[in-house]
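Structure first, then comments.
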Amino acid sequence: MLSKTHITLGMASALLLTRPETVPGVITAIAGGALGGWVVDVDAQNKIRRKHKHRVREAAWIKALCGGFFGAVLILDGLVGDGMCRYVADHWSLPVGAGLLAFLLLLLVGSRTEHRSFTHSLPGMALFCGAVWFGCRPAAVPFLIGYASHVAADLFNVRGVQLLFPLRWFPSLKLCRADGRANQILFWVTLGLSAILAAVLIGTAPAPAHA
Ligand SMILES: [Zn+2]
């Protein structure tokens with residue numbers, strides 16, 4: 001499954017399962033779910049460079065689009081207030097800083113591992129989610145949901161995932177390919193579902209109280 005589909009699947013899953021009741025909560029669910037869905041494939045970049053040279057330009061476009069999306073969500077979070085940026089600013093401490101630093105280190109380590117190994121495993125999920133729990137607690141549950149949705153979706157792929165890293169066991173349900181028709185359908189369905197859920201949740205959220 002492609003990164004864009006994992007991002008929309010993570011967003012839709014996080015919104016559906018957490019059903020936030022405030023606007024900052026909706027933004028946090030979108031950011032956490034999308035980041036959890038995206039981060040697992042941080043190990044795929046080397047593979048694209050090595051095996052699919054013609055896809056490097058395409059990957060760069062997707063990367064720029066993802067960067068723009070996450071940047072826009074973060075700016076929105078800061079503007080609306082009472083969300084992730086506010087949490088980090090209000091709770092700045094050694095554990096919060098250590099959590100954010102650990103997340104960056106895990107990104108670096110993950111990007112240098114074999115595709116579908118460490119980052120696609122339960123130990124990898126525990127470490128990444130632990131880092132987010134310390135670094136930005138409001139985003140931890142949506143991030144976990146997005147992360148789990150990625151690993152669960154990859155289990156349907158013909159090539160399995162190293163679920164119990166470092167054990168060399170790659171369970172797979174062998175039902176679809178990464179860039180097949182199922183991927184396209186799931187992308188549009190989860191994108192539409194995310195938009196509808198976000199609109200409904202924001203529409204029913206109480207107006208912010210003014211001081
Ligand atoms: Zn994956």
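Counting convention: from 1, in listed order, for ligands and their atoms alike.
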Fill in the blank from the handout: The reported gap from CH2 in Trp38 to OG1 in Thr5 (rounded to nearest 0.5 angstrom) is 15.5 Å

Fill in the blank from the handout: Counting only protein N, O or S atoms and ignoring waters, those under 2.8 Å from the Zn ion (ligand 1) are Asp41 OD1, His120 NE2, His150 NE2, Asp154 OD2

Handout entry: salt bridge (charged side-chain N to carboxylate O under 4.0 Å, His left out) partners for Asp82, two or more places apart
Key = none

Practice task
Apply side chain to side chain contact (heavy atoms under 4.5 Å, CB included) to Thr190 and list each qualifying residue two or more places apart in sequence or on a separate chain.
Solution key: Thr8, Leu9, Ala12, Leu186

Fill in the blank from the handout: Those residues at least two apart in sequence (or on a different chain) that pass side chain to side chain contact (heavy atoms under 4.5 Å, CB included) with Leu106 are Phe118, Leu127, Phe128, Ala131

Exercise for the section: Please say whether more than 12 non-hydrogen atoms of neighbouring residues, nucleotides or ligands are located less than 6.0 Å from CZ in Phe165. Expected result: yes

Practice task
Examine the side chains of Thr113 and Asp43 and answer whether a donor and an acceptor come within less than 3.5 Å of each other.
Solution key: no

